[in-house]
Amino acid sequence: MRIGVFCSGGDAPGMNACTRAIVRSALSKGHEVVGIYRGYQGLLEEDFFQEADETPLMRLRSVSNIIKMGGTILGTSRSPEFQTEAGLKKASGILKKHRIDALVPIGGDGTFHGAVALAQHWDGQIVGCPGTIDNDLLGTDYTIGFATAVHTAVEALDKLRDTAESHSRMFLVEVMGRHSGYIALYTALAGGAEAVAIPETPTRIPEIIETLKTLKARGKHSIMLVVAEGDESGGAQKLDALLKSAGCPFDTRVLMLGHLQRGGSPTPEDRILATRLGNFAVESMLQGANGVMAGEIRGELALTPFLDTYVQHKAVPENLLKVLQTMAS
Ligand code: F6P
């Protein structure tokens, strides 16, 4: 088989570890791997991986030492052209022209939407790997990159706590997660934050003010409020303004972590998850799997149809929200 591998959508730490696992799993079984640069857009432009000696196929050494690297050596993109009928037909033609039998995309919900659409125009196999810091895909407990993003955000929170404590201040820290509170909730728990604002729960200004007053009366000097970018308040800047005008009892500062969370060397958890899922994706494909994402649910490897990974919202664990409230007392 000739298998195409690419990364698509927002990059996530561990995409390289996953690419390495896909390449080595396929080569070890005697198959060929074509690396596609810049996701669906690169496919449309026939922008394929080439070694320095212009060899088009990936080799064992093509992925040497990338397990520890952030970003993606294949590059990534979001492609509006691919989302059109003409783009999908063109992509199908290019895959046939290069005799590619199967694809392993690494990405998030947008990537899998693309895979579902492509399957209407192309009859090759597609088995995906979940690569996104958001952890918003069903069919896997954790996505590749989530653990590293949380690690980065917690490091930031720890540092902010030092200065917040010195100045008796409150920090509103905005983390990523367009539609999901996962990064915010895990960052808040691990960083010992007093509160979290996420899209899954209503953000009520009077309640937050009451909590802040209570915490101040109990002798709290500093407050960390972690805000998901997708929170209905509109993010940390807007929430800060709302809290100030409602009589926030702390002097506040705002920090948006932004794309910082997408970079850096993947944690061991992400490297292991990426390696397991990349290997599982290839092995499943060789056994005939198609139109599915490789994931890990309660420690067990699992395949889930693409549609089922994104059609419903992945709820954040409610019990963790309660634990956070108890800890913030
Ligand atoms: O989906 C991953 C993600 O990092 C989201 O958390 C964030 O909202 C978005 O990508 C940012 O996208 P871009 O890199 O295009 O600004």
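No hydrogens, no waters, no symmetry mates; every other heavy atom, side chains included, goes into these values. Atoms within a ligand are numbered from 1 in the order they appear, just like the ligands themselves.
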Point to revise | Closest protein heavy atom (residue, atom, distance) for atom 6 (O) of ligand 1 | key: D134 OD1, 2.6 Å

Review point. Which is it for S329 and R218 under the side chain to side chain donor-acceptor pair (under 3.5 Å) test, yes or no, and what are the steps along the way?
Key: CA-CA 8 Å; S329 51; R218 285 192 197 142; 4.9 Å; no

Point to revise | Basic-acidic side-chain contact under 4.0 Å: R169, D251 | key: yes

Practice item. Identify whether the distance between the nearest side-chain nitrogen and carboxylate oxygen of D109 and K314 falls below 4.0 Å. Key: no

Review point. Is S92 reaching over with its side chain to a backbone N or O of H121, donor-acceptor style, under 3.5 angstrom?
Key: yes

Study note, to complete from the structure: If you scan protein heavy atoms around atom 1 (O) of ligand 1, the nearest is R178 NH2, 2.9 Å

Review point. How far is atom 11 (C) of ligand 1 from its nearest protein heavy atom, and which residue and atom name does that atom have?
Key: R262 NH1, 3.5 Å

Review point. Is there a heavy atom of G108 sitting under 4.0 angstrom from any atom of ligand 1?
Key: no

Review point. Is it true that E51 and R61 make a salt bridge, defined as a side-chain N closer than 4.0 Å to a carboxylate O?
Key: no

**Study point:** Nearest-neighbour protein heavy atom for atom 8 (O) of ligand 1, which is reported as residue plus atom name and distance
**Key:** E229 OE2, 2.5 Å

Check your understanding: Given R78, H179, H259, which has its nearest heavy atom closest to atom 9 (C) of ligand 1?
Key -> R78

Check your understanding: Is T304 reaching over with its side chain to a backbone N or O of T309, donor-acceptor style, under 3.5 angstrom?
Key -> no

Practice item. Please state which part of Q261 comes within less than 4.0 Å of ligand 1, counting heavy atoms only: side chain, backbone, both or neither. Key: neither

